[in-house]
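See below for the structure under consideration.
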Amino acid sequence: MEVPRVGHSVSSPTSPCEDMMKNLSLDAIQLCDREGNKSQDSGIAEMEELPVPQHIKISNITCDSFKICWDMDSRAKERITHYFIDLNKKENKNANKFKHKDVPTKLVAKAVPLPMTVRGHWFLSPRTEYTVAVQTASKQGDGDYAVSDWSEIVEFCTADYSTVHLTQLLEKAEAIAGRMLCFSVFYRNQHKEYFDHARHAQNNKMLPSVKDNSGSHGSPISGKLEGIFFSCNTEFNTGKPPQDSPYGRYRFQVPAEVLFNPGTNLYFADFYCMYTAYHYVILVLAPRGSPGDDFCKQRLPLLDIADNRFLTCVQDEDGRLTFRHAQDLILEVIYTDPVDLSLGTVAEISGHQLMSLSTVNAKKDPSCKTCNISVGR
C-alpha cells in the first residue's frame, strides 16, 4: 500500500497539525493538537474544488474497527487519489482538566471503493465515543495534496469485546491458572448493614445488581450484567477461605452445590490485573434458562463445568459433587440469580479488612503483557 508524502501540514476540522505523517497500515497516520482549517494549509495545492463527502455513515462497528462510507459528487471522482479521515475521542466534560488531552488521529488512505474499513488497536479502544470527519484529496506531481473542505462531523461508539477477543483472554488466563485445589463453599463478604438490609427490606434475599466497571475496558458485562459477586479461593495451607477481606467483616457462606451444579452454566468473562502481581479471572454462574444465562450465551465463552482450568464441578457415579478452583488466580464469581440467606450462614470473620485489595471499579493495567491482547484495552 502506497505511503502518501505530505509536503506541509494537513488540516483537521477540529485539530490540524504540522508533523509529517508516519507509515502505518492505512498508509499513514498524523497526530494533531491545534485549531485550523483548509485555508491555513499553505502547502496544499489550490485547484478546482474536490467534492466534499456528504451523509457520512458508520457501520460494522467492533471494539477496534468500523466501516465508513459517504455520498459525493461523481463528476470529480476520477481526480480523487486519497481520503483524509480525522478521528478523535469525543470530549468528556467531566474529564480531569489537568490530564493531557487525547491526541487526535489523522488517517490517510488511498481512495478505495466504499465502504472502507478503518482498523487499528493503537488508536481505537472499545466502549469509547469518537467523532469522525472526512476530506477527499488529490495527490499532485510534487507530492503535495489538493483537498476538499471537511465533511460534517459524525459521532459513534465502539463496541465491547467479542467472543473472539474473550477467547484470546481466556487462553492467556489458562496459561497461568496453575493446579486445581478443592473447595466446598462460595462466600461473600460485606458490611453488617448489607445483610441487615437483605433480611428486612429484600425478603431475606441478596439481590443481583449491575456489575461495576472493574476489569477490561471492553468487557461486555460491565455496566450491563446483573449478578452477585462471590469468592471461592482457599488458603493453601488450610483449604478454607481466608479470614481477611477487602469488602467487610461479615461473611455469607453457602455450600458450593447450591450455586454450582449440573443445572448451572459457567461462562468466562474477563482476565485482568491492577498493577500488581495478582491476576483476576471473572466467571459467571447462571442457572440454565435464566435471564442471566440468556444474556451470557450471546456474549461470553461457555466453559465445560467438569473440564476447564478455572472452576470445576465433577459428579461421581454416586451423584456426589466435588469442586476445584485454580490456585494461581483470584476468581471473582458472579451468580446471576437472587440468593436467599437461609441457604447459608452469616458470621463475622476474625481477620482484617484489607481495603487495598478491593477490585471495585478497579482499572486494568494496560501495560501488562500477561493479561492484555492486541485490541483496544
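Computed from heavy atoms alone, side chains included, the values below leave out hydrogens, waters and symmetry copies. Nothing fancy with the numbering, it's 1 onward along the sequence.
- With H279 contributing its side chain and F271 its backbone, the two residues share no donor-acceptor pair below 3.5 Å.
- With a 4.5 Å cut-off on side-chain heavy atoms, L207 and P338 count as touching.
- Here the OG atom belonging to S350 is positioned 3.5 Å from the CD atom belonging to Q243, to the nearest 0.5 angstrom.
- Looking at residues two or more places apart in sequence or on another chain, you find a salt bridge (charged side-chain N to carboxylate O under 4.0 Å, His left out) between R320 and D316.
- For the pair T81 (side chain) and K139 (backbone), a donor-acceptor distance under 3.5 Å is present.
- Note on residues 325-344: pairs passing ring pair (Phe, Tyr, Trp, His ring centres under 6.0 Å), not counting sequence neighbours, are F183-H325.
- With sequence neighbours left out, the ring-ring contact (aromatic ring centres under 6.0 Å, His included) criterion links F229 to no other residue.
- Screening residues 296-307 for side chain to side chain donor-acceptor pair (under 3.5 Å) gives no qualifying pairs among residues at least two apart or on separate chains.
- A distance of 11.0 Å separates OG1 in T163 from CG in L170, rounded to the nearest 0.5 Å.
- With rounding to the nearest 0.5 Å, the separation of CZ in R309 from CZ in R324 is 13.5 Å.
- For the pair R199/N204, a side-chain contact is recorded, criterion being any heavy-atom separation below 4.5 Å from C-beta on.
- A 6.0 Å sphere centred on NZ of K240 holds no more than 12 heavy atoms belonging to other residues, nucleotides or ligands.
- Remark: Y194 engages R188 in a side-chain hydrogen bond (donor to acceptor under 3.5 Å, both in side chains) (not counting sequence neighbours).
- Under the 4.5 Å side-chain heavy-atom criterion for ILVMFWY residues, no single connected hydrophobic cluster contains both I153 and V52.
- Side chain of K211 to main chain of S214: a donor-acceptor pair is present (N/O by atom type, distance under 3.5 Å, no hydrogens or angles).
- The distance from the CZ atom of R249 to the CG atom of D244 is 9.0 Å, given to the nearest 0.5 Å.
- There is no path of hydrophobic side-chain contacts, each under 4.5 Å, that joins F260 to M180.
- A donor-acceptor distance shorter than 3.5 angstrom exists from the side chain of Q135 to the backbone of S148, with no hydrogens or angles considered.
- Side-chain atoms of R127 come within 3.5 Å of backbone N or O of S219 as a donor-acceptor pair.
- One finds the SG atom of C232 at 8.5 Å from the CG atom of L285 (value rounded to the nearest 0.5 Å).
- Note on Y278: it clusters hydrophobically with V281, by side-chain heavy-atom contacts below 4.5 Å among ILVMFWY residues.
- V185 and I334 end up in different hydrophobic clusters when Ile, Leu, Val, Met, Phe, Trp and Tyr side chains are linked at under 4.5 Å.
- The side-chain heavy atoms of F295 and I221, taken from C-beta on, include a pair separated by under 4.5 Å.
- In this structure, F66 and L124 have side chains that are in contact, with non-hydrogen atoms separated by less than 4.5 Å.
- The closest side-chain heavy-atom distance from K364 to H217 is not below 4.5 Å.
- At a threshold of 4.5 Å between non-hydrogen side-chain atoms, the residues T62 and S162 do not count as touching.
- Of the inter-residue distances, the one linking H165 atom NE2 with C63 atom SG reads 3.5 Å to the nearest 0.5 angstrom.
- At least one side-chain heavy atom of P287 sits less than 4.5 Å from a side-chain heavy atom of T336.
- Counting only residues at least two apart or on different chains, the side chain to side chain donor-acceptor pair (under 3.5 Å) pairs with a member in residues 260-270 are S216-D270, N261-T264, N265-R288, N265-D293, Y267-D293.
- Under the rule for a ring-ring contact (aromatic ring centres under 6.0 Å, His included), Y187 has no partner lying at least two apart in sequence or in another chain.
- Residues forming a salt bridge (charged side-chain N to carboxylate O under 4.0 Å, His left out) with E155 (at least two apart in sequence, or on another chain): K90.
- With hydrogens and angles ignored, the 3.5 Å screen pairs a side-chain donor or acceptor of N233 with a backbone N or O of L331.
- Considering only residues two or more places apart in sequence or on other chains, F195 meets the ring-ring contact (aromatic ring centres under 6.0 Å, His included) condition with none of them.
- Under the 3.5 Å distance criterion, the side-chain polar atoms of Y130 are matched with a main-chain donor or acceptor of S125.
- For K172, there are no salt bridge (charged side-chain N to carboxylate O under 4.0 Å, His left out) partners at least two apart in sequence or on another chain.
- When atom types are taken as modelled, the side chain of Q315 and the backbone of C313 share no donor-acceptor pair closer than 3.5 angstrom.
- Criterion: ILVMFWY side-chain heavy atoms under 4.5 Å apart, direct or through other members. Under it, L302 and L225 are part of a common hydrophobic cluster.
- With a 4.5 Å cut-off on side-chain heavy atoms, D160 and S222 do not count as touching.
- Shown here are the salt bridge (charged side-chain N to carboxylate O under 4.0 Å, His left out) partners of K67, two or more places apart in sequence or in another chain: there are none.
- Under the ring-ring contact (aromatic ring centres under 6.0 Å, His included) criterion, Y83 pairs with W70, not counting sequence neighbours.
- Looking at N203, its side chain never comes within 3.5 Å of a backbone N or O of K205 through a donor-acceptor pair.
- Shortest non-hydrogen contact noted between D144 and D142 is N-OD1, 2.9 Å.
- Judged by distance alone, with hydrogens and angles left aside, the side-chain atoms of T128 form no donor-acceptor pair with the main-chain N or O of T158 at under 3.5 Å.
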